[in-house]
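Take a look at the structure below.
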Amino acid sequence: FDRELHAVNAVDAAVALIDRTVLAPAVRTIETQFADQPLVDATLRTTLGSVYQKLGRSDAALALHRRAYELRAESLGLEHPETLGSKFGVGNALGQLQQLGEAEETVRETLEAYERVLGADHEQSLATKSLLATQMSLLGRYDDSEAITRDVLERCERLLGPEHAKTLNSKSDLGRCRTNRGKYAD
């Protein structure tokens, strides 16, 4: 019994419990209670998708983000910022699931739309560009990742200042890019 008890991963058990007792019932409730309110449905799915991602359940998150995207696209249009936010969630979940080709395509499309709708300097455009840089790195495209990250950093410094949290995060991202490439100076 002791050997079996030590084999139990407490985190996995807790995540399974939360999923079974809180999250899965919430998803079922959304499907039955908000069928006639697609934007409420989409908002709740987005929230639950984010929770699932934080718990390491990207498969469940992907399904929720995809459905939220569909609902918002039908109700608001393909280039509405909320629709694009759902598409961002899809791209992020795909990346976490290592479906990197589809993730890159989804995030690039999202970025292009954000830049058209909100501008290249908008917070959502920059967040999407940072996600794209991460995916480039996962694909082993370190030069692309570094170039994108440098652009985000320059924009953050100009727009927010050198000490803003997002600027500092971008500096950290650039350091990670350079480390991946074996460059430790600068």
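All heavy atoms count here, side chains included; hydrogens, waters and symmetry mates do not. This chain uses plain numbering: 1 for the first residue, then up along the sequence. None of these values were measured; they are calculated from a predicted model.
- Under the 4.0 Å criterion applied to side-chain N and carboxylate O atoms, Glu112 and Arg108 are not assigned as salt-bridge partners.
- When hydrophobic side chains of Ile, Leu, Val, Met, Phe, Trp and Tyr are connected at separations under 4.5 Å, Leu153 ends up clustered with Leu174.
- Taking CD of Gln98 as the start and CD of Gln135 as the end, the distance is 9.5 Å to the nearest 0.5 Å.
- Of the charged side-chain nitrogens involved, at least one lies within less than 4.0 Å of a carboxylate oxygen, so that Arg57 and Asp59 count as a salt-bridged pair.
- Within the 4.5 Å cutoff, no side-chain heavy atoms of Leu100 are placed close to those of Glu104.
- Leu62 and Leu44 sit in two unconnected hydrophobic clusters of ILVMFWY residues. Membership requires side-chain heavy atoms under 4.5 Å apart, directly or through other members.
- The stretch residues 30-41 participates, sequence neighbours left out, in these side chain to side chain donor-acceptor pair (under 3.5 Å) pairs: Asp41-Arg45.
- Listed for the Ser125 side chain is a donor-acceptor partner under 3.5 Å among the backbone atoms of Gly119.
- Nearest heavy atom pair, residue Ser58 against residue Gln53, reads OG-CG, 4.4 Å.
- When atom types are taken as modelled, the side chain of Thr167 and the backbone of Cys156 share a donor-acceptor pair closer than 3.5 angstrom.
- Nearest heavy-atom pair across Gly91 and Val107 is CA-CG2, 3.8 Å.
- Taken from OG in Ser170 to CD in Glu157, the straight-line distance is 8.5 Å, to the nearest 0.5 Å.
- In this structure, OG on Ser75 lies 10.0 Å from CD on Glu82, to the nearest 0.5 angstrom.
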- [ ] Could you walk me through whether Glu154 and Arg158 pass side chain to side chain contact (heavy atoms under 4.5 Å, CB included), step by step?
- [x] CA-CA 6 Å; Glu154 289 167 9; Arg158 178 173 46 82; over 6 Å; no

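- No donor-acceptor distance shorter than 3.5 angstrom exists from the side chain of Ser145 to the backbone of Thr134, with no hydrogens or angles considered.
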(request) Using the salt bridge (charged side-chain N to carboxylate O under 4.0 Å, His left out) rule, take Arg150 and Glu146 through it: C-alpha gap first, then chi angles, then the decisive distance, then the call. (result) CA-CA 6 Å; Arg150 281 188 184 282; Glu146 184 174 338; 3.0 Å; yes

Side chain to side chain contact (heavy atoms under 4.5 Å, CB included) between Thr46 and Arg72, worked out
CA-CA 11 Å; Thr46 299; Arg72 285 179 168 158; 3.3 Å; yes

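- The two residues Leu118 and Pro81 make their nearest non-hydrogen contact at CD2-CG, 4.1 Å.
- Residues Arg28 and Pro25 have side chains in contact (heavy-atom distance under 4.5 Å, counting atoms from C-beta outward).
- Here the options are Leu131, Leu94, Leu132, the test is side-chain contact (heavy atoms from CB on, under 4.5 Å), and the partner is Thr106; only Leu94 passes.
- Leu97 and Val90 fall within the same hydrophobic cluster, defined by Ile, Leu, Val, Met, Phe, Trp and Tyr side-chain heavy atoms under 4.5 Å apart, directly or through other members.
- The shortest distance between side-chain heavy atoms of Asp19 and Tyr52 falls below 4.5 Å.
- Distance check, rounded to the nearest 0.5 Å: OG1 of Thr29 to CZ of Phe34 gives 8.0 Å.
- For the pair Leu23 and Leu48, the tightest heavy-atom approach, listed with the atom from each and the gap, is CD2-CD2, 3.6 Å.
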CA sep, side-chain torsions, deciding dist, call: Arg176, Thr149, side-chain hydrogen bond (donor to acceptor under 3.5 Å, both in side chains): CA-CA 10 Å; Arg176 197 170 17 265; Thr149 302; over 6 Å; no

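- Cluster membership for Val117 and Leu76, using ILVMFWY side-chain heavy atoms within less than 4.5 angstrom, is not shared.
- Residues Leu64 and Gly49 share a closest heavy-atom pair of CD1-N, 3.7 Å.
- The backbone N or O of Glu79 sits nowhere less than 3.5 Å from a side-chain atom of Thr83 that would complete a donor-acceptor pair.
- The structure places NZ of Lys87 at 11.0 Å from OH of Tyr114, a figure rounded to the nearest 0.5 Å.
- Not one N or O on the side chain of Tyr142 forms a donor-acceptor pair closer than 3.5 Å with the backbone of Gly182.
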Stepwise side chain to side chain contact (heavy atoms under 4.5 Å, CB included) check, Leu71 with Arg67: CA-CA 6 Å; Leu71 292 167; Arg67 183 63 183 140; 3.2 Å; yes

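- Under a hydrophobic clustering in which Ile, Leu, Val, Met, Phe, Trp and Tyr are joined whenever their side-chain heavy atoms come within less than 4.5 Å, directly or via other members, Val27 and Leu17 fall into different clusters.
- Val40 and Ile30 fall within a single hydrophobic cluster, where Ile, Leu, Val, Met, Phe, Trp and Tyr are joined by side-chain heavy atoms under 4.5 Å apart, directly or via other members.
- Under the salt bridge (charged side-chain N to carboxylate O under 4.0 Å, His left out) criterion, the residue pairs touching residues 122-135 are Glu115-Lys129, Glu123-Lys166, Lys129-Asp151, with sequence neighbours excluded.
- Atoms CD and CG, on Glu109 and Leu84 in that order, are 10.5 Å from each other to the nearest 0.5 Å.
- Looking at every heavy atom in both residues, Lys171 comes nearest to Pro162 through NZ-O, 4.0 Å.
- Counting heavy atoms from C-beta on, the side chains of His65 and Ser50 come closer than 4.5 Å.
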